[in-house]
Novice: 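Let me begin by handing over the structure; questions about it come next.
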Protein chains: 2
Amino acid sequence: MFVASTLFVMSTSPSAADPADPGAAAVPPPPWRKAARPSSRRPLSTGAVVEAALRIMAEEGLAGVTMRRVAQALDTGPASLYAHVRDKQDLHELMLDEVFADAPVPVPDPGRWREQLREHTVAQVRVLLDNPGSAEIAMRTMIPTTPRLMAQMDAQIGILRAGGMTPEEAGAAGDLLALYGTAFAFEQELHGGPGQASGAEDAARRIGEITGYLRSLPEGVFPHLAALVGGMAPGRGDPMRHFEYGLDAIIAGIERAAGRESGT
Amino acid sequence: MFVASTLFVMSTSPSAADPADPGAAAVPPPPWRKAARPSSRRPLSTGAVVEAALRIMAEEGLAGVTMRRVAQALDTGPASLYAHVRDKQDLHELMLDEVFADAPVPVPDPGRWREQLREHTVAQVRVLLDNPGSAEIAMRTMIPTTPRLMAQMDAQIGILRAGGMTPEEAGAAGDLLALYGTAFAFEQELHGGPGQASGAEDAARRIGEITGYLRSLPEGVFPHLAALVGGMAPGRGDPMRHFEYGLDAIIAGIERAAGRESGT
DNA sequence: ACTTGCCACGAACACCGTTCGTAGATAGAA
DNA sequence: TTCTATCTACGAACGGTGTTCGTGGCAAGT
């Protein structure tokens with residue numbers, strides 16, 4: 001019964017607009033084989049949509065995550081997704097939340113707050129870098145509304161409070177660290193190349209061009225820049241080293257700013 | 001003479017393709033009036049395209065800057081733009097360059113490098129904030145290839161060198177400052193609302209929602225976050241104050257990192 | 001058994017960036 | 001001057017995009 005009616009709809013759907021249709025439709029599709037396919041489990045929950053979207057992002061980058069592409073992966077049409085996801089933006093935020101699914105949520109330890117802050121921030125950035133595309137979402141979201149991201153933020157502020165900061169100081173410092181971490185990860189995935197995009201190649205070409213241009217210029221036009229490009233290689237070293245340079249600078253600055261006001 | 005030949009060509013061009021054409025063509029187009037329109041000044045240079053694009057960005061945000069929209073503003077078709085601009089990305093970079101047209105390029109003064117660095121960075125961010133949409137371009141560009149942006153970067157590195165840093169230190173510090181400035185401006189324009197977008201309203205709604213959600217939770221789930229939202233208003237104060245907090249922290253950190261290695 | 005609400009989804013709408021081919025203008029050569 | 005070659009402008013179209021509408025079948029409440 002179920003199968004039959006389904007098949008009926010499928011085979012006649014083009015002519016469904018024409019109720020008075022005899023058997024004249026081009027080849028009455030004998031679909032014995034087909035029967036199994038449409039009834040083969042279609043849960044199609046929010047979770048399934050997010051999961052499919054994440055898989056696509058991992059393989060084809062964030063730009064590959066289109067509603068049509070996700071729908072196709074779940075073999076259905078794009079309209080079906082909107083029952084489980086409000087927007088594309090909403091889908092993005094759910095993806096970001098899922099990405100942080102197994103990131104640890106540290107409990108603040110006053111005696112170790114500096115190390116904890118460093119480790120926590122590094123861990124967050126590592127999550128973003130491990131999931132290319134997620135940093136772009138994070139950049140565009142900034143105010144977290146999903147539970148896991150709120151837990152991360154809460155932990156971070158907890159650590160800063162454990163370091164003796166006032167709520168205001170902790171808020172400002174947390175903003176700064178989150179902004180830096182997110183922006184850094186985004187920049188990395190921009191010209192680090194998420195596997196598929198021309199990122200790395202493009203970046204290399206660009207700094208090649210810029211080097212050539214600088215050399216072609218009369219000496220002393222951009223002297224400091226010219227001095228720099230000499231000792232520069234495109235993708236040298238662990239990006240994390242670079243990140244930690246900035247992180248340490250920021251933490252030191254934060255501490256100093258807090259100490260200046262609270263006297264410690 | 002000129003006019004006559006122009007008219008001749010125009011009036012006969014349709015029938016030129018069909019040599020065996022009698023007088024039957026639908027109204028042999030008498031184009032006296034027409035002659036003035038196509039010749040009515042259409043320079044359509046790269047500069048004009050960029051200028052139109054910037055005007056649109058100011059009025060409708062970066063999302064409003066579509067090739068079709070820009071073409072319409074110059075009343076032509078989108079295809080015409082591609083003679084003066086390689087890409088949409090190319091157009092974006094030209095726009096960003098133009099935005100920095102009258103930003104001052106400081107000459108490094110060793111005795112004042114800290115103040116200079118601060119002022120220069122603040123000025124750059126102010127330019128981005130004054131031109132909503134530009135920060136998003138800057139965020140997505142990162143490696144400058146246009147002359148004015150290179151001049152800005154050169155000056156910045158010059159200031160850092162004047163502060164006694166090695167080229168490597170200056171490069172890292174410059175990266176960090178540029179990343180921070182760009183990301184900050186982008187975040188501001190995200191939920192600051194570029195006049196047209198729902199930015200501010202959306203941000204307010206979001207922190208309203210999040211506050212309500214936090215209150216609805218059993219006490220002590222996100223304790224630090226809950227303590228924070230109490231003393232938080234959506235758009236309080238000058239965003240620049242916020243920026244300068246982070247900037248001072250970063251400059252202090254940079255200085256410390258440089259001193260640590262070079263011994264000053 | 002009937003109604004009601006919900007999920008799936010085909011079709012369509014209004015856009016988007018970009019390319020192709022052609023017509024007109026212009027500049028250089030003869 | 002006249003012929004040719006090169007360049008600009010641009011209408012039309014291609015292959016995408018996010019999102020909405022309306023319908024049709026299913027399942028649960030009454």
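Letters A, B, ... are given to chains in the order of the sequence lines, protein chains preceding strands, and every chain is numbered from 1.
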Novice: For the backbone of A:Phe243 and the side chain of A:Tyr180, can you confirm whether one donor and one acceptor N or O come within less than 3.5 Å of each other?
Specialist: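 Present.
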
Novice: Has the side chain of B:Glu189 got a donor or acceptor atom that lies under 3.5 Å from a matching backbone atom of B:Pro132?
Specialist: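 No, B:Glu189 side chain to B:Pro132 backbone: no donor-acceptor pair under 3.5 Å.
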
Novice: Could you tell me the separation between the CZ atom of A:Arg86 and the P atom of D:dT19, rounded to a whole number of Å?
Specialist: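 These atoms are roughly 11 Å apart.
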
Novice: Strictly by side-chain hydrogen bond (donor to acceptor under 3.5 Å, both in side chains), give each pair with a member in residues 126-136 of chain B just once, sequence neighbours left out.
Specialist: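 For residues 126-136 of chain B: A:Arg140-B:Glu136.
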
Novice: How many whole angstroms separate atom OH of B:Tyr82 from atom P of D:dA9?
Specialist: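 Roughly 15 Å, once rounded to whole Å.
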
Novice: Any donor-acceptor pair under 3.5 Å linking the side chain of A:His84 with the backbone of A:Val49?
Specialist: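 No; judged by distance alone, with no hydrogens or angles, the pair does not exist.
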
Novice: Return no unless some side-chain N or O of A:Ser80 is found under 4.0 Å from OP1 or OP2 of C:dA8.
Specialist: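 For A:Ser80, the contact criterion (side-chain N or O under 4.0 Å from OP1 or OP2 of C:dA8) is not met.
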
Novice: Tell me the interatomic distance from A:Gln72, atom CD, to C:dC9, atom P, rounded to whole angstroms.
Specialist: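 Rounding to the nearest Å, CD of A:Gln72 and P of C:dC9 are 14 Å apart.
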
Novice: Please report, rounded to the nearest Å, how far the P atom of D:dA9 is from the CG atom of B:Asp75.
Specialist: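 Rounding to the nearest Å, CG of B:Asp75 and P of D:dA9 are 13 Å apart.
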
Novice: May I have the distance from B:Leu44 (atom CG) to D:dC10 (atom P), rounded to whole angstrom?
Specialist: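 Going from B:Leu44 (CG) to D:dC10 (P), I get 7 Å.
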
Novice: Please enumerate all residues that pass side chain to side chain contact (heavy atoms under 4.5 Å, CB included) together with A:Ala178, with sequence neighbours excluded.
Specialist: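 Listed in chain order: nothing, the list is empty.
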
Novice: According to side-chain hydrogen bond (donor to acceptor under 3.5 Å, both in side chains), who are the partners of A:Thr145, at least two apart in sequence or on a separate chain?
Specialist: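 By the side-chain hydrogen bond (donor to acceptor under 3.5 Å, both in side chains) rule, A:Thr145 matches A:Glu93.
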
Novice: Any protein N or O atoms within reach of nucleotides 13-15 of chain C? Criterion: under 3.5 Å, listing atom names and distances.
Specialist:
none

Novice: With a 4.0 Å heavy-atom cut-off, tell me which residues in residues 91-99 of chain B come close to DNA chain D, sorted by residue number.
Specialist: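 None - not one residue of the stretch has a heavy atom sitting under 4.0 Å from the strand.
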
Novice: If only side-chain N and O atoms of B:Thr76 are considered, is one of them under 4.0 Å from the OP1 or OP2 phosphate oxygen of D:dA9?
Specialist: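 So the side chain of B:Thr76 is outside the cut-off, no N or O lying under 4.0 Å from OP1 or OP2 of D:dA9.
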
Novice: When the nearest nucleotide of DNA chain D is assigned to A:Met67 and to B:Gly77 on a heavy-atom basis, which residue is associated with the more 5' position?
Specialist: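 First, find each residue's nearest nucleotide; the 5'-ward one identifies B:Gly77.
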
Novice: To the nearest angstrom, how far is B:Asp87 atom CG from C:dG17 atom P?
Specialist: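 It works out to 11 Å between those atoms.
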
Novice: Determine whether a donor-acceptor pair (N or O, by modelled atom type, separation under 3.5 Å) exists between the side chain of A:Asp154 and the backbone of B:Leu225.
Specialist: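 Looks like yes, one N/O pair under 3.5 Å.
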
Novice: May I ask you to decide whether A:Arg55 forms a salt bridge with A:Glu51, counting only side-chain N to carboxylate O separations under 4.0 Å?
Specialist: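 Looking at A:Glu51 together with A:Arg55, the answer is yes, because their closest N to O distance falls below 4.0 Å.
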
Novice: Rounding to an integer number of Å, can you tell me how far A:Leu81 CG sits from D:dT19 C1'?
Specialist: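 The distance from CG of A:Leu81 to C1' of D:dT19 comes to 11 Å, rounded to the nearest Å.
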
Novice: Looking only at side-chain atoms of A:Ala79, point me to the closest of C:dA11, C:dG17, C:dC20.
Specialist: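 Minimum distance to the A:Ala79 side chain belongs to C:dA11.
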
Novice: Just jot down the side chain to side chain contact (heavy atoms under 4.5 Å, CB included) partners of A:Asp175, sequence neighbours excluded, or say none.
Specialist: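 For A:Asp175, the residues satisfying side chain to side chain contact (heavy atoms under 4.5 Å, CB included) (neighbours in sequence not counted) are B:His242.
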
Novice: So if I take every side-chain heavy atom of B:Lys88 and compare against C:dT18, D:dG18, D:dA9, which nucleotide ends up nearest?
Specialist: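 Between C:dT18, D:dG18, D:dA9, the one nearest the side chain of B:Lys88 would be C:dT18.
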
